[in-house]
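Everything on this sheet refers to the single structure shown next.
Every heavy atom of this structure was used, including side-chain atoms; hydrogens, water molecules and symmetry mates were not. Every chain is numbered from 1, with letters handed out A, B, ... down the list of sequences.
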Amino acid sequence: MSISTKYNPKEVEQKWYDSWMQRGFFHSEPNPNKEPYSIVIPPPNVTGVLHMGHMLNNTIQDILIRRARMQGKEACWVPGTDHASIATEAKVVAMLKERGISKKDLTREEFLTYAWEWKEKYGGIILEQLKKLGASCDWDRTRFTMEEDMSAAVIEVFVDLYRKGLIYRGVRMVNWDPLGGTALSDEEVLPKETMARMYHLQYEVVDGASSEPAYITVATSRPETIMADVAVAVNPKDSRYTHLHGKKVRIPLLGREIPVILDEYVSVDFGTGALKVTPAHDLNDYELGQKHRLPTIDILNNDGTLNEQAKLYVGQDRFAARRNIVKDLQEADLLVKIEEYQSVLQTSERTGAVIEPRLSMQWFCKMDDMAAPALEAVLNDDIRLYPPKFKNMYRAWMENIRDWCISRQLWWGQRIPAFYLPNGSFVVATTAEEALELARGESGDSQLQLSDLRQDEDVLDTWFSSWLWPISVFNGFKDPDNKDILYYYPTNDLVTAPEILFFWVARMIMAGYEFRKEMPFKNVYLTGIVRDAQGRKMSKSLGNSPDPLDLIEQFGADGVRAGMLFSSPAGNDLLFDEKLVEQGRNFTNKIWNAFRLIKGWEVDESLPCPNETAISWFESRFNEAFVQIEDHFSKFRISDALLAVYKLVWDDFCSNYLEMIKPAYQQPIDKRTVDETVRLLENVLKVLHPFMPFITEEIWHELKTRKQKEFLIVAAWPKKDKFDKDIIQKMEHVLHVVGAVRNTRNSKNIPNNKQLDLYMKVANQESYISFMPILHKLGNLNEVRFVEENLESGVISFVVGSDEFFIPMEGNIDVAAERERLTKELEYTKGFLASVDKKLSNERFVSGAPEAVISAERKKKADAEARISAIEQSLAGL
RNA sequence: GGGGUGUUAGCUCAGCUGGUUCAGAGCACCUGCCUUACAAGCAGGGGGUCACUGGUUCGAAUCCAGUACGCCCCACCA
């Protein structure tokens, strides 16, 4: 035979992917005769490259979409990328810097030209990589969140929400990223545990009377902000400071006088019980400031350096300023002590910079109203989260939702459609022309020109476009009644990482109800995080993240797909180990060799079929497994579904079925067995296909000649069918007997190729008849026959169920060893019987337990008794 | 600080409505095999007081309470 003993994925994968594409199997159009099934991809950043998280995520989506396609649904998986404003802008800035160009020297238009150039050249690599994985996306539908129609939808939504009063502009305390030079939403901020320092500073009490200066000690982690202090607050109940009520203190170094204020908010037992109030640079202080009508002094520039208002350290970075002021305070003897303590630093998710709480004019989206139906939908299971533990998290977040800061001080993104009039007021409109008309109306100045209007410089948060994704990919804004959106929306399943549950999933649900009055998807499957074998998160800096393309190169896409899934129960993190992928690769090889065996058979049409039992057994076994597999799918237990298929293929089909039917070496095989085996294998290939699309398609075509469009990718998914439980049980019993024979062989060091005889003293001979050939073959037995009496000597005996078996041994057997083995088994069985007896003699059990349980217990007793007498007889015969 | 969730074999995890498919799977491990589909393999095997303590029950890995440890999410103590 010329087929290689090892499966070679490389050429096979490219061949079939091209073939599928060419025949348009991935493409979907609304078809009223078919049930729609749609998934929108979580659009990866356009700057992104494929990492292990994408691999897992997209493998799962592909499995779902392929299965749906085979189920005869109109399966549509929409791919695309996200413009990722901060990440992309940062890349473009870096690229420009390399070319010696500074963003500052460019106009907005020039910068965007570079950015688009960059996007066209480097963007979307990740989509090409997904093809290598086998992703069967409808590539004709590829979208990008910043393409014209998508951006138009974003602007339209902004205007709509503004007019509904759900978007407003205002000065608020926001999370400022000094490195990115932009505001961020609360979700884009990551807390980071760090050791921080608490500085205890002396504020001199202003008191004309005494000549000796008096001080109050204030604890702060940010001494560089003292120049922005407007008060020192103490708890009114704090007796230590009663004498300071109504007094003023002087800011160290600066000397500016600020009042001592009283507020319950201050904890008596934290720090020194005295809090410096810096409204411009801390949210709590801001609120205190509002309450006590204090001024705000903002001493920071956009980039985190100190401005003129600070008076000291002007122009220095906030951290440099901190070092310097600490030194100066020390020298002035105003620093009492420094304490180390565990604290949480807020950092930017994108740039890693320490976030500066900062008062700033931004755009916000009101969330309360939109959150209500979105929360309801999840609580009442209209939308289901898998695993369901995320429901609680979702609820907690939605119930405490805060307004969303949607403006970003960047250029790459959808520009906010607000236009300012010379008088400082503004109008919001989708186009400048429309804005002009509005502006003329509102200002009463009919002479206003376009050039008088100035559009807001900011762009919108990327998520403000992503949250529309399930609607906008089907053009649901531009053309709300088009046939795509009517057919595919709501989509069916969303597969994504729990990290973006709030960023994205929750907001999509809100957008779905707000703009289409309908959920965006029915199920949300949240995958785990891919970690390394030690449980560490994969990261570039640790270098523990394998390159997915290398893995595919090495193990084949099918192997990698299977490997990823071997250990990824829903919602649990996946501890990735190359061994898993190896196991996946080995699995492809196993399948390949099963195929080689079948392919190599020579058919003799004159032969009768000796394998009816094996055939109907596997048929039943397949149907039994299929029910389990479908059940796993229905619960999004993809990993368990794969494992069930794995065992069906490896254990049932290969180790058992094929071994039962395969003819002796170089012997021909009958036609019926071959036909049936091919048919059975076809079913196996079908359930395997979503997991391992390439090798299954390859074998599908190699197995027999197929018609034009007869591809596995569109073959009919099996239907649930009744199965014969009886034959499955009997086979299991027979396989136990086979196991016992093999065990005997192994423990007595009898070579595999030496045939043995087997005598069977069984209760029901009938039930063995049709399995005799199988017993012969798998046990490698010579004579097999029923006996009525125990064989007395020179035999090894064993019991399966309550049937006894004897294998005559040539030469002497080790009587002592046999006796020991049987005695052990006897003891165990007696113990077992005793426990059953105890149960049955317990009146409360007999009266309390259901009938089925009691009769099961009785059967146990009978079996055990039969076993005991069998073993005892064997012992007596030794 | 609030909420969630977990603890079962060396590792990763199943175990749905308490009772023979209740102590399981995969990997790892051990033994023996180059038996013509497959050594990326075949056959067999060992291994767990189901975290701890109490309770409910005829019966608990499974239900309840508490304890310990872990993880996740949220949160403005300087």
When we call it a touch if two heavy atoms are under 4.0 Å apart, what does [X] touch: a base, just sugar-phosphate, or nothing?
{"X": "A/Lys662", "answer": "base"}
{"X": "A/Ala396", "answer": "nothing"}
{"X": "A/Ser655", "answer": "sugar-phosphate"}
{"X": "A/Glu187", "answer": "nothing"}
{"X": "A/Arg395", "answer": "nothing"}
{"X": "A/Gly535", "answer": "nothing"}
{"X": "A/Asn753", "answer": "nothing"}
{"X": "A/Arg585", "answer": "base"}
{"X": "A/Tyr341", "answer": "sugar-phosphate"}
{"X": "A/Val266", "answer": "base"}
{"X": "A/Tyr646", "answer": "sugar-phosphate"}
{"X": "A/Leu275", "answer": "base"}

Any strand: nucleotide that pairs with [N] via Watson-Crick or wobble, under 3.5 Å:
{"N": "B/G46", "value": "none"}
{"N": "B/G1", "value": "B/C74"}
{"N": "B/C34", "value": "none"}
{"N": "B/C22", "value": "none"}
{"N": "B/U7", "value": "B/A68"}

Run the ring-centre check on A/Tyr394 versus A/Phe390 and record whether the distance is less than 6.0 Å. no
When the [atom1] atoms of [N] and [M] are considered, how many whole Å apart are they?
{"N": "B/A68", "M": "B/C30", "atom1": "P", "result": "40 Å"}
{"N": "B/G45", "M": "B/A25", "atom1": "P", "result": "12 Å"}
{"N": "B/U36", "M": "B/G41", "atom1": "C1'", "result": "13 Å"}
{"N": "B/A43", "M": "B/G48", "atom1": "C1'", "result": "25 Å"}

Given [options], which nucleotide is nearest the side-chain atoms of [X]?
{"X": "A/Thr220", "options": "B/A78, B/C77, B/C42", "value": "B/A78"}
{"X": "A/Lys860", "options": "B/A25, B/U20, B/A40", "value": "B/U20"}
{"X": "A/Asn392", "options": "B/U36, B/A37, B/U5", "value": "B/U5"}
{"X": "A/Arg531", "options": "B/A43, B/C58, B/C72", "value": "B/C72"}
{"X": "A/Leu643", "options": "B/A37, B/A78, B/A25", "value": "B/A25"}
{"X": "A/Arg402", "options": "B/C58, B/A75, B/G26", "value": "B/A75"}

Is the shortest heavy-atom distance from the side chain of A/Leu329 to the side chain of A/Gln202 under 4.5 Å?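 Heavy-atom side-chain distance check fails, nothing below 4.5 Å.
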Do the non-hydrogen side-chain atoms of A/Arg742 and A/Leu778 ever get within less than 4.5 Å of each other?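 When only atoms from C-beta onward are counted, A/Leu778 and A/Arg742 do touch, with a gap below 4.5 Å.
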Expected output: side-chain A/Asp577 to main-chain A/Asp532 donor-acceptor under 3.5 Å: no
For residues A/Asn175 and A/Asp186, is any side-chain donor paired with an opposing acceptor at under 3.5 Å?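 Checked: A/Asn175/A/Asp186 side chains pair up, N/O donor to acceptor below 3.5 Å.
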More 5' along RNA chain B: A/Lys276 or A/Asn749, using each one's nearest nucleotide?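 So the residue in question is A/Asn749.
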Taking the nucleotide of RNA chain B with the closest heavy atom to each, which residue, A/Glu582 or A/Phe595, is nearer the 5' end?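 Of the two residues, A/Phe595 wins.
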Using a distance-only criterion (donor-acceptor N/O pair, under 3.5 Å, no hydrogens), is the base of B/A28 paired with the side chain of A/Gln583? no
With distance as the sole criterion, do the side chain of A/Lys590 and the base of B/C38 form a donor-acceptor contact below 3.5 Å? yes
For A/Lys748, is the NZ atom crowded, meaning more than 12 foreign heavy atoms sit under 6.0 Å from it? yes
Check against ring-ring contact (aromatic ring centres under 6.0 Å, His included), A/Phe566 and A/Tyr646: CA-CA 10 Å; A/Phe566 275 133; A/Tyr646 181 82; 5.2 Å; yes
